[in-house]
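I have placed the structure first, in the form of structure tokens, so that the comments after it can refer back to it.
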Amino acid sequence: MHVIDPHIHMSARTTDDYEAMAAAGVVAVIEPAFWLGQPRTQVGTFQDYFASLIGWERFRAAQFGIRHYCTIGLNSKEANNEPLAEQVMELLPLFAAKEGVVAIGEIGYDDLTPAEDRFFRAQLELAKEVGLPVMIHTPHRDKTRGTSRSMDVCLEHGLLPHQVVVDHNNEETVKEVLDRGFWAAFTIYPKTKMGNERMVEVVRKYGPERIIVDSSADWGVSDPLAVPKTAKLMIERGIPTAQVTATCYANAIAAYGQSGQIRESDWLAPAAIDQRQLFSGNSVLRGQQPRIDA
Ligand SMILES: [Zn+2]
């Protein structure tokens with residue numbers, strides 16, 4: 001079965017992860033722009049990071065047979081450094097227009113501060129201008145209030161629910177998100193409440209419509225195989241295959257396909273892997289035999 005991980009920070013992962021993901025059926029990933037675990041201090045580091053998402057990381061994924069897309073945005077934590085955030089805002093339109101950029105994101109609230117609100121709203125306006133969907137990061141604290149507020153603000157700015165993916169849902173938030181017509185994404189972190197088992201029950205209860213499964217794997221404790229593992233568990237627990245395909249593959253294409261930048265033909269008829277290829281003179285290999293598919 002083909003699956004997509006529509007929220008994973010591959011820049012923080014290894015080539016072993018790419019190999020394991022491809023072997024488990026992951027055909028495409030979406031890498032949202034986010035923070036690095038510590039605050040950036042210069043606009044140039046944002047610029048180089050965004051450039052790596054559309055450049056090197058896209059190349060690196062392809063070397064292991066995975067299509068790589070990204071979202072561009074100023075994350076909520078770093079919105080709190082307002083002088084720097086203002087400079088980042090000036091960069092965003094340039095990167096949002098690049099090939100493979102499927103949304104503005106991940107944006108939203110972390111601590112629900114006035115600065116976060118200001119830059120969230122500014123980026124919703126940008127999404128409308130450039131005609132891209134939006135990926136919302138909902139806060140881990142005060143989740144229910146933060147999720148409602150995020151949707152309210154999207155509507156205030158004239159976005160339509162089907163243009164917005166609300167991520168990091170749980171059993172407390174899912175009903176409101178679906179009732180209001182937004183896409184409801186779920187992050188499966190290992191050893192936490194919203195694990196694979198709970199996800200199976202969410203799909204059993206709410207059905208597959210507008211539900212999306214992702215790993216949000218990054219440099220923290222996380223699992224880059226969360227989506228294929230959840231798909232497998234759903235099958236074992238009797239969820240119909242069509243519903244597994246919807247939640248672990250097709251819904252992500254429908255939501256982010258609104259960008260015009262991601263389509264099934266990208267991986268159904270992929271270029272053959274040739275690890276002799278270089279990007280800016282650099283290879284993914286360190287003296288190993290290159291993999292060359294016919
Ligand atoms: Zn993330």
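For ligands, and for the atoms within them, numbers begin at 1 and follow the listed sequence. Count residues from 1 along the sequence.
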- Using a distance-only test with no angle check, is there a side-chain donor-acceptor pair under 3.5 angstrom linking His7 and Glu106? yes

- Message: Report the atom name of the nearest N/O/S atom of Glu106 relative to the Zn ion (ligand 1).
- Response: OE2

- Under a 4.0 Å N-O cut-off, is there an ion pair linking Asp266 with Arg263? yes

- Item | Lys205 bridged to Glu171 by N-O distance under 4.0 Å | no

- Message: Under a plain distance cut-off of 3.5 Å, with no hydrogens placed, do His168 and Thr138 share a side-chain donor-acceptor pair?
- Response: no

- Query: Does His137 bring an N, O or S atom to under 2.8 Å of the Zn ion (ligand 1)?
  - Reply: no

- Task: Examine all N, O or S atoms of Asp218, backbone included, and report whether one is under 2.8 Å from the Zn ion (ligand 1).
- Result: no

